[in-house]
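Hydrogens, waters and symmetry mates are skipped; everything else that's a heavy atom, side chains included, is used. Throughout, a chain's letter reflects where its sequence line sits, starting with A, and its residues are numbered from 1.
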2 protein chains.
Amino acid sequence: MTVTIRDVARASGVHVSTVSRSFSAPHLVNQATRDRVLAAADQLGYRPNRAARALSTGRTMNLGLIVADIANPFFPPLIKAAQGHARTHDYHVFVADTDEDPATEEELIRTLAKQVDGVLLCSPRLANDTIARLAEDVPFVVVNREIEGLPCVLMDVAQGARLALEHLRGLGHTRLAYVRGPAGSWTSEQMRAAATGVPVIGPNQPTAQGGLAAAPAVADSGATGVLAYNDLVALGLIEGLAGLGVGVPGDVSVIGVDDILPGRLNRPKLTTVAMPTPAAGRAAVDLLMDEAGASITLPTSLIVRESTGEAPR
Amino acid sequence: MTVTIRDVARASGVHVSTVSRSFSAPHLVNQATRDRVLAAADQLGYRPNRAARALSTGRTMNLGLIVADIANPFFPPLIKAAQGHARTHDYHVFVADTDEDPATEEELIRTLAKQVDGVLLCSPRLANDTIARLAEDVPFVVVNREIEGLPCVLMDVAQGARLALEHLRGLGHTRLAYVRGPAGSWTSEQMRAAATGVPVIGPNQPTAQGGLAAAPAVADSGATGVLAYNDLVALGLIEGLAGLGVGVPGDVSVIGVDDILPGRLNRPKLTTVAMPTPAAGRAAVDLLMDEAGASITLPTSLIVRESTGEAPR
DNA sequence: CTGAAAGCGCTAACAA
DNA sequence: TTGTTAGCGCTTTCAG
């Protein structure tokens, strides 16, 4: 049924090792022989069995990609880019969703470890030291969290927050607020630290629901310019404010973070701090393949759309 | 470095085959021996190497999941569900994105074939007969397209279209329109067929951009109730209509299809035909594992939100 | 119930 | 440049 290296060897009258070489070390085999082998292989429809190859080389040519929630619109662009970039280098990628559960995350890493050459851990929910320990079993690249001693791909959200606040101030807003994310979020802490002197509202769930729930507090605060933890929160907040009769950007300007698709489709279109998720995905794959071990911080940028405007007077 | 079945055998004083059995056929080994083996394995941190196992059993315990575009919000819920359900049965899943390109799709199937026990092909871009031919290499389940002789997971979009039209008529709309999708889309054809007697506008790109571009034609048509190919088109259409001074649902009612997240966050919240994508993902995985070979059609439902209302008079 | 031995498909020294 | 020979880690007859 399935055609192996042996069938090709037989068909082209050479030994299996020559067939093997024709594929994995072409320069070590005579041009003519090689052509003959390749022709036979092609004719038989031979495809090397990657798993078998992995068993003998120790390289699987597979990568693992673990995220907390595939359906969170933040991740798909990253997954897409990572997967596409990996494929370019002949890697396949296992994608797994932890459902936000640390135990699932750990189990996933363990079962995946032997089957991949490296794991891309995105916005992990596991404790730093657990991750560091697991890193002894399999090479990691961590995205969206800084862990001492591990290669990390970070996005400069602090800078993004500064840009956002600057934009708001430039528009004449003097009463600002930061609608923060969940307690313990690395990103949220970065933003909070960057927003010195700005009143903080929350913690909040990192969802539209969380933003919706924060609306009354925001309205009460008297802030006219607000930076939200992410786009989902910003979107929920805008809806909540509308329900309270507060217009965006008429009465209050709102800025999100991430630049997810729903924000681009929303009305008003969301002003946001764009996270370079595709670039992050590609960079993480590069780090995994190079085993360079370095960390990298990608710049963010402010995309001004329709949810911010002049401060009311 | 890596602990193998041999290390466990040595540590527990039995032969490797006994260790193997302790894991893959526990009932064939003496309770006491087995406990000893398991204890040793646990103590050494042994994890069976799935690739090696696959090589000798012929079952990889991996699945492939191929979609046209991971970043299209229609897919993530399906991917998430498929992956989660697969994991429940100890399967891992390779996720691959074809970038809407048939050639990439074919190549992906070929390279994945040996490494998986089956492939979940979602909204394929390949021709039916090509798929049928590839199905000789690896078991398939096709999602969102009906192919003779292959197990398919379909969603009853025709029924959904009927529900949508009925809803519109019930609201008093008499001038309807169907803003169709791209030429050659199986789903679009189903909907068009279900919308007998309803004027068709398009073909259109299946994106927000496509909907935006269709807005003038919709406005000109004089229709007050429109069913769009999908939510993205509906969202773009609503934006385009707004630009033309046409309000939704005040002047025109719009219904989408899919129930993607952006539609739920939009204002007005989109009335839509919900596609059971998570259920489809799980069903496809089940079909793949059972090798039952049957096809299945999942029901759709209408979710009435804010983009539809009484016909203007 | 357990051990011995062959083999899954491929690669990698080592010879020739 | 090519063939020989061992494995990679695991399962699976077949004996015992």
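In this structure, the CE atom of B:Met61 is 16 Å from the P atom of D:dC10, given to the nearest Å. B:Lys114 places its NZ atom 9 Å from the P atom of C:dG9, with the value rounded to the nearest Å. The nearest whole Å value for the distance from the CZ atom in A:Arg10 to the P atom in C:dC10 is 13 Å. For the pair B:Ile5 CD1 and C:dG3 P, the computed distance is 12 Å after rounding to whole Å. Atom-to-atom, CZ of A:Arg53 to P of C:dC10 comes out at 8 Å; the value is rounded to the nearest Å. The distance between atom CD of A:Gln31 and atom P of D:dT1, rounded to the nearest whole Å, is 11 Å. In this structure, the CZ atom of B:Arg59 is 18 Å from the P atom of D:dC10, given to the nearest Å. The distance between atom CG of A:Asn49 and atom P of C:dC10, rounded to the nearest whole Å, is 5 Å.
Put simply, A:Thr33 has a side-chain N or O that comes within less than 4.0 Å of OP1 or OP2 on D:dT2. Between C:dT2 and B:Thr18, no contact under 4.0 Å exists linking OP1 or OP2 to a side-chain N or O. When the side-chain nitrogen and oxygen atoms of B:His15 are compared with OP1 and OP2 of C:dA4, one or more of them lie within a distance under 4.0 Å. Remark: A:Ser24 is in phosphate contact with C:dT11, judged by side-chain N or O atoms under 4.0 Å from OP1 or OP2. Neither OP1 nor OP2 of D:dT11 sits under 4.0 Å from any side-chain N or O of B:Ser56.
The existence of a salt bridge linking A:Glu107 and B:Arg47 is confirmed by a sub-4.0 Å separation between a basic side-chain nitrogen and an acidic carboxylate oxygen. Taking 4.0 Å as the cut-off between side-chain N and carboxylate O, B:Arg125 and B:Asp101 do not count as a salt-bridged pair.
Backbone-only engagement by A:Tyr46 is indicated by non-hydrogen atom pairs under 4.0 Å involving sugar-phosphate atoms exclusively. Base engagement by A:Ser17 is indicated by at least one non-hydrogen atom pair under 4.0 Å involving a base atom.
Distance from the side chain of A:Val14 is smallest for D:dG3 among the nucleotides C:dT2, D:dC10, D:dG3.
With hydrogens and angles ignored, a donor-acceptor pair closer than 3.5 Å exists between the side chain of B:Arg21 and the base of C:dG3.
Here the rule is side chain to side chain donor-acceptor pair (under 3.5 Å) with A:Asn128, and of A:Arg145, A:Arg133, A:Glu148 only A:Arg145 fits it.
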Quiz item: Can you check ring pair (Phe, Tyr, Trp, His ring centres under 6.0 Å) on A:Phe94 and B:Tyr91, steps first, answer last?
Solution: CA-CA 11 Å; A:Phe94 286 112; B:Tyr91 276 85; over 10 Å; no
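Going from atom CG of B:Asp258 over to atom OG1 of B:Thr277 covers 8.0 Å, rounded to the nearest 0.5 Å.
With DNA chain C read from its 5' end, the first of the two nearest nucleotides for B:Arg36 and A:Arg50 is the one closest to B:Arg36.
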